[in-house]
Amino acid sequence: MDDGAGPGVLVSRFARLVLAPNAGPMTLGGTNSYVLRAPGAAGVVVVDPGPAVARHLAALASAGPVELVLVSHHHADHTESLAAFHAMTDAPVRAIDPALCLGGEPLAGGERIRAAGLEIEVIATPGHTADSACFSLPGDAMAAGDGPTGRSGSAGLVGSGSGTGTVLTGDTILGSGTTIIADPDGALGPYLDSLARLRAVGTPGPVGVLPGHGPTLPDLAAICDAYLAHRAERLEQVRAALRTLGADASPEAVTDLVYADTHSSVRGAAEASVRAQLAYLRQEPSRSE
């Protein structure tokens, strides 16, 4: 059961979710910032402090001495507050992109970090952006709430003893819907490889998903399968659009056809994903067949 000992909501044995007040079409309910700590540890790790909103940063800092800040990728809804939060806490900030690091070294895929009583494994997952990373928490267990999100914190932990783990997925996997491939920084080929890598991490599982936006999810392998199927379906739709419009069709024309129902507020994101899909198909002609 969530004893209220910290900001936000207990979503797993090791993680509390502190929702940033920046809801919108691209951020869903807001950016999910996470406070990580092993039971009994004094210090915490903060993942993605998010927007530079004073009350949000104060809530994160109130969790205890911040030993380390980890960054899933460079988008501003996850990183706008890095300098301010570093100044508040004096905690080193580490990311794959060296430009985001403050008082710490860049992250490397496969690295194991020990902080706040935890072992955190860095998984490089390029695709949404070139610098995207996920963070695995072996032995973690999802909180049992009212439904799959675990946000209510009303019923303790799923299972007993050592859990099967969780992964903080940033924007590589979202709690609802699917993510964009932020072309030209992101790319579809690496993204598909990253989903396959995460699926392997989630097998046999179930491994919980702590996403950068939206509700938590119970099964990493299952959501990777769903994402891979969605990407295959979208690629087939783009191939069909090219057969209709011609092989040299523009991203805008393909978006009009494939994403006809997309709201104008996310039109730019749809076009970015189409550019990434076109680049993927045109890189190797056999993929267009």
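Every heavy atom of this structure was used, including side-chain atoms; hydrogens, water molecules and symmetry mates were not.
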Atom [atom1] of [X] and atom [atom2] of [Y]: how far apart are they, to the nearest 0.5 Å?
X: Arg55; Y: Ser62; atom1: CZ; atom2: OG; result: 14.0 Å
X: Tyr34; Y: Thr166; atom1: OH; atom2: OG1; result: 9.0 Å
X: Leu192; Y: Cys224; atom1: CG; atom2: SG; result: 11.5 Å

Flag for [Y]-[X]: side-chain donor and acceptor within less than 3.5 Å:
X: Asp171; Y: His75; result: no
X: Thr169; Y: Thr172; result: no
X: Thr179; Y: His128; result: yes
X: His74; Y: Asp97; result: no
X: Thr31; Y: Asn22; result: yes
X: Asp48; Y: Ser72; result: yes

Looking at every non-hydrogen atom in both residues, tell me the closest pair between [X] and [Y] and how far apart they are.
X: Pro138; Y: Phe14; result: O-CE1, 3.7 Å
X: Leu57; Y: Pro51; result: CD2-O, 4.0 Å
X: Val209; Y: Pro211; result: O-CD, 3.4 Å
X: Gly50; Y: Ser81; result: O-OG, 2.8 Å
X: Leu60; Y: Ser33; result: CD2-CB, 3.9 Å
X: Tyr227; Y: Leu174; result: OH-N, 2.9 Å

query = Salt-bridged, Glu111 to Arg94, with N to O below 4.0 Å?
reply =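 Salt bridge present between Glu111 and Arg94.
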key: Arg267 bridged to Asp256 by N-O distance under 4.0 Å   =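 Judged by the 4.0 Å cut-off on N to carboxylate O distance, Arg267 and Asp256 do form a salt bridge.
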Is it true that [X] and [Y] fall in one hydrophobic cluster, defined by side-chain heavy atoms closer than 4.5 Å?
X: Val35; Y: Phe85; result: yes
X: Leu36; Y: Met88; result: no
X: Val71; Y: Leu210; result: no

Is [Y] close to [X] at the side-chain level, that is, under 4.5 Å between some pair of heavy atoms?
X: Ser273; Y: Tyr259; answer: yes
X: Asn32; Y: Val11; answer: no
X: Ile180; Y: Met26; answer: yes
X: Pro218; Y: Met142; answer: no

